[in-house]
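As C-alpha cells, the structure follows; a few thoughts come after it.
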Amino acid sequence: QRVPSDKRFTGILKSFGVEKGFGFVACPETLDRYGSDIFIHRTQVGDCSVGDRVEFSVEMRGDSPQAVHVKSLEKRELDEEFVGVIKSYNPDKGFGF
C-alpha cells in the first residue's frame, strides 16, 4: 500500500553500519504496513545515532520502503559551550582551524 511521501512516522534507529553505509529503523506503524523494519541509507542518517527516536517519511525504491527526510527527536546538550574564532578554512579539503 502506497503512503504519501509527506506522511511522517516515528521510530527508533535500530541499527546502522558505518562500513556498509546503511541500517534500519524500527517503527510499529511501518512494521504493520510493510512487514519489516525500514531501510535507511547513509545519506539520510544525518546526526542520528543508534537508539535515537527519529521522525521520517517513507519512499518506495522498487519494492523496498526506505526512510527519507529523517530527523532525530533527541535533544543533545553539550556539557560545555565553547566560543572561538575560525582562523582558516579550506573548502577544497573540507576542514580548517
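Remember, it's a predicted structure, so these values are computed and weren't measured experimentally.
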Could you pull out every donor-acceptor pair under 3.5 Å between side chains of residues 19-32 and any protein atom, sequence neighbours left out?
{"from": "E29", "atom 1": "OE2", "to": "K7", "atom 2": "NZ", "distance (Å)": "3.3"}
{"from": "T30", "atom 1": "OG1", "to": "C27", "atom 2": "O", "distance (Å)": "3.2"}

Residue list, side chain to side chain contact (heavy atoms under 4.5 Å, CB included) with T10, at least two apart or on another chain: R53, L73
Which atom of V54 lies closest to which atom of S72, heavy atoms considered: CG1-CA, 4.2 Å
Shared hydrophobic cluster for V68 and I12 (ILVMFWY, side-chain gaps under 4.5 Å): no
Whether over 12 other heavy atoms sit under 6.0 Å from F97 CZ: no
Set of salt bridge (Lys or Arg N to Asp or Glu O under 4.0 Å) partners for K14, sequence neighbours left out: D37
Minimum heavy-atom distance A67-F56, with the two atoms named: CB-CD1, 3.9 Å
Residue pairs involving residues 62-71 (criterion salt bridge (Lys or Arg N to Asp or Glu O under 4.0 Å); sequence neighbours excluded): none
Contact summary for V58 and P65, nearest pair of heavy atoms: CG1-CB, 3.7 Å
Cut-off 3.5 Å, no hydrogens considered: what does the side-chain donor-acceptor table look like for residues 38-46, sequence neighbours left out?
{"from": "H41", "atom 1": "ND1", "to": "T43", "atom 2": "N", "distance (Å)": "3.1"}
{"from": "H41", "atom 1": "ND1", "to": "T43", "atom 2": "OG1", "distance (Å)": "3.0"}
{"from": "Q44", "atom 1": "OE1", "to": "H69", "atom 2": "N", "distance (Å)": "2.9"}

Which residues share a side chain to side chain contact (heavy atoms under 4.5 Å, CB included) with N90, sequence neighbours left out: D92, K93
